[in-house]
Amino acid sequence: QVQLMESGGGLVQPGGSLTLSCTVPGFTLDYYAIGWFRQAPGKEREGVSCISAMGGSIYYADSVKGRFTSTRDNAKNTIYLQMNSLKTEDTAVYYCATDLNRSNCQRVHGTTFYDHWGQGTQVTVSS
């Protein structure tokens with residue numbers, strides 16, 4: 001079973017930055033597209049970004065475009081979500097996800113595109 005692991009969440013003030021990481025110990029993610037999602041209390045899980053296996057295609061939700069950047073370091077088997085200019089409405093549990101049959105993204109895909117998920121990391125933006 002492939003269990004993704006997110007880290008890097010925390011409490012940050014509005015306008016601040018955080019970098020989330022996603023990895024799977026003992027399993028290479030090099031060949032697979034990775035999506036980032038978030039879920040705020042009482043809301044549905046929404047797609048934030050999708051990055052293809054080699055990082056050549058990256059897509060962002062309109063709500064984070066220009067503020068968030070997804071990258072991957074395949075040598076470290078880690079995918080990152082750099083979040084800048086954070087707003088209170090960015091508060092949510094953030095998840096990474098993958099599908100072992102998909103290496104490319106065509107857009108920010110929905111939850112049904114992926115079949116393996118992490119447990120999530122809490123991001124709270126508050127003064």
Side-chain angles (χ1 to χ4, degrees):
Q1 182 71 10
V2 175
Q3 180 65 60
L4 287 79
M5 294 175 53
E6 305 92 342
S7 61
L11 173 63
V12 64
Q13 292 186 342
S17 299
L18 279 177
T19 300
L20 306 183
S21 300
C22 172
T23 190
V24 179
F27 183 87
T28 182
L29 292 171
D30 294 5
Y31 310 112
Y32 311 112
I34 302 293
W36 284 98
F37 287 77
R38 65 186 182 185
Q39 188 166 19
K43 295 188 177 181
E44 293 188 353
R45 192 169 297 189
E46 64 168 343
V48 172
S49 70
C50 184
I51 182 169
S52 64
M54 299 307 294
S57 297
I58 311 172
Y59 301 89
Y60 299 97
D62 288 343
S63 58
V64 306
K65 202 171 293 183
R67 300 188 298 120
F68 290 13
T69 303
S70 182
T71 59
R72 62 192 303 158
D73 185 340
N74 286 347
K76 295 182 178 180
N77 199 40
T78 302
I79 297 84
Y80 303 97
L81 184 68
Q82 172 71 42
M83 306 185 296
N84 298 326
S85 302
L86 282 162
K87 305 174 182 180
T88 55
E89 52 262 44
D90 294 319
T91 295
V93 178
Y94 283 72
Y95 302 88
C96 60
T98 193
D99 185 301
L100 301 187
N101 294 303
R102 305 184 190 272
S103 60
N104 291 316
C105 305
Q106 291 77 40
R107 60 184 184 278
V108 176
H109 294 279
T111 57
T112 59
F113 187 78
Y114 303 95
D115 59 8
H116 290 84
W117 292 81
Q119 293 298 308
T121 185
Q122 175 71 47
V123 172
T124 302
V125 184
S126 175
S127 55

For this session: Walk me through it: do V48 and V108 pass the test side-chain contact (heavy atoms from CB on, under 4.5 Å)?
Result: CA-CA 7 Å; V48 172; V108 176; 6.0 Å; no
For this session: Following the transitive rule for hydrophobic clusters with a side-chain heavy-atom cut-off under 4.5 Å over Ile, Leu, Val, Met, Phe, Trp and Tyr, establish whether Y80 and V24 coincide in one cluster.
Result: no
For this session: Using modelled atom types only, decide if a donor and an acceptor are shared between the side chain of E6 and the backbone of C96 within a distance under 3.5 Å.
Result: yes
Exercise. Any idea which heavy atoms bring A61 and G47 closest together, and the distance?
Worked result: CB-O, 3.5 Å
For this session: Determine whether Y32 and M5 fall in the same hydrophobic cluster, where Ile, Leu, Val, Met, Phe, Trp and Tyr are linked whenever their side-chain heavy atoms lie under 4.5 Å apart.
Result: no
Seminar exercise, completed: Closest heavy-atom pair, G118 versus Y95, reported as atoms and distance to 0.1 Å, is O-CD2, 3.5 Å
Problem set entry | CA sep, side-chain torsions, deciding dist, call: W36, S49, side-chain contact (heavy atoms from CB on, under 4.5 Å) | CA-CA 5 Å; W36 284 98; S49 70; 3.4 Å; yes
For this session: Check whether the side chains of S52 and N104 place a donor and an acceptor atom closer than 3.5 Å, and report yes or no.
Result: no
Problem set entry | Considering all heavy atoms, the nearest C105-S57 contact | O-CB, 4.3 Å
Exercise. If you measure from CG on N74 to CD1 on I79, what distance do you get to the nearest 0.5 Å?
Worked result: 7.0 Å
For this session: Quick one: pull up OG1 in T111 and CD in E46 and give me the separation to the nearest 0.5 Å.
Result: 12.0 Å
For this session: Tell me, please, which residues at least two apart from Y114 pass ring pair (Phe, Tyr, Trp, His ring centres under 6.0 Å).
Result: F37
Exercise. Looking at R72 and L29, what are the two nearest heavy atoms and their distance?
Worked result: NH2-O, 2.6 Å
Exercise. What is the distance from atom CG of L11 to atom OG of S127, rounded to the nearest 0.5 Å?
Worked result: 9.5 Å
Exercise. Of the options L20, V64, L81, which is the one that meets R38 in a side-chain contact (heavy atoms from CB on, under 4.5 Å)?
Worked result: V64
Problem set entry | Closest non-hydrogen atom pair, C50 against R107 | CB-O, 3.5 Å
For this session: Go through the structure and list residues passing ring pair (Phe, Tyr, Trp, His ring centres under 6.0 Å) with Y60, not counting sequence neighbours.
Result: none
Seminar exercise, completed: In this structure, CE of M83 is separated from OG of S70 (nearest 0.5 Å) by 11.5 Å
Exercise. Run the side-chain contact (heavy atoms from CB on, under 4.5 Å) check on E89 and V125 step by step: do they pass?
Worked result: CA-CA 8 Å; E89 52 262 44; V125 184; over 6 Å; no
Seminar exercise, completed: For T78 and S21, the nearest pair of non-hydrogen atoms, with its separation, is CG2-CB, 3.9 Å
Exercise. Yes or no on side-chain contact (heavy atoms from CB on, under 4.5 Å) for K87 and R67, after CA distance, side-chain angles and deciding distance?
Worked result: CA-CA 10 Å; K87 305 174 182 180; R67 300 188 298 120; 3.8 Å; yes
For this session: For the residue pair Q122 and T91, establish whether any side-chain heavy-atom pair is separated by less than 4.5 Å.
Result: yes
Exercise. Distance from L4 atom CG to H116 atom NE2, nearest 0.5 Å?
Worked result: 8.0 Å
Exercise. Any link between W117 and F113 through a network of hydrophobic side chains (Ile, Leu, Val, Met, Phe, Trp, Tyr) touching at under 4.5 Å?
Worked result: yes
Problem set entry | Inter-residue atom distance I58.CD1 - F68.CZ, 0.5 Å rounding | 14.5 Å
Exercise. Where do D62 and K65 land on the salt bridge (charged side-chain N to carboxylate O under 4.0 Å, His left out) test, with the steps shown first?
Worked result: CA-CA 5 Å; D62 288 343; K65 202 171 293 183; 3.1 Å; yes
Exercise. Would you find a donor on one side and an acceptor on the other, under 3.5 Å apart, between the side chain of N77 and the backbone of P25?
Worked result: no
Problem set entry | Derivation of the side-chain hydrogen bond (donor to acceptor under 3.5 Å, both in side chains) call for Q82 and T19 | CA-CA 4 Å; Q82 172 71 42; T19 300; 2.4 Å; yes
For this session: Answer yes if I51 and M54 sit in the same cluster of Ile, Leu, Val, Met, Phe, Trp and Tyr residues linked by side chain heavy atoms under 4.5 Å apart, and no otherwise.
Result: no
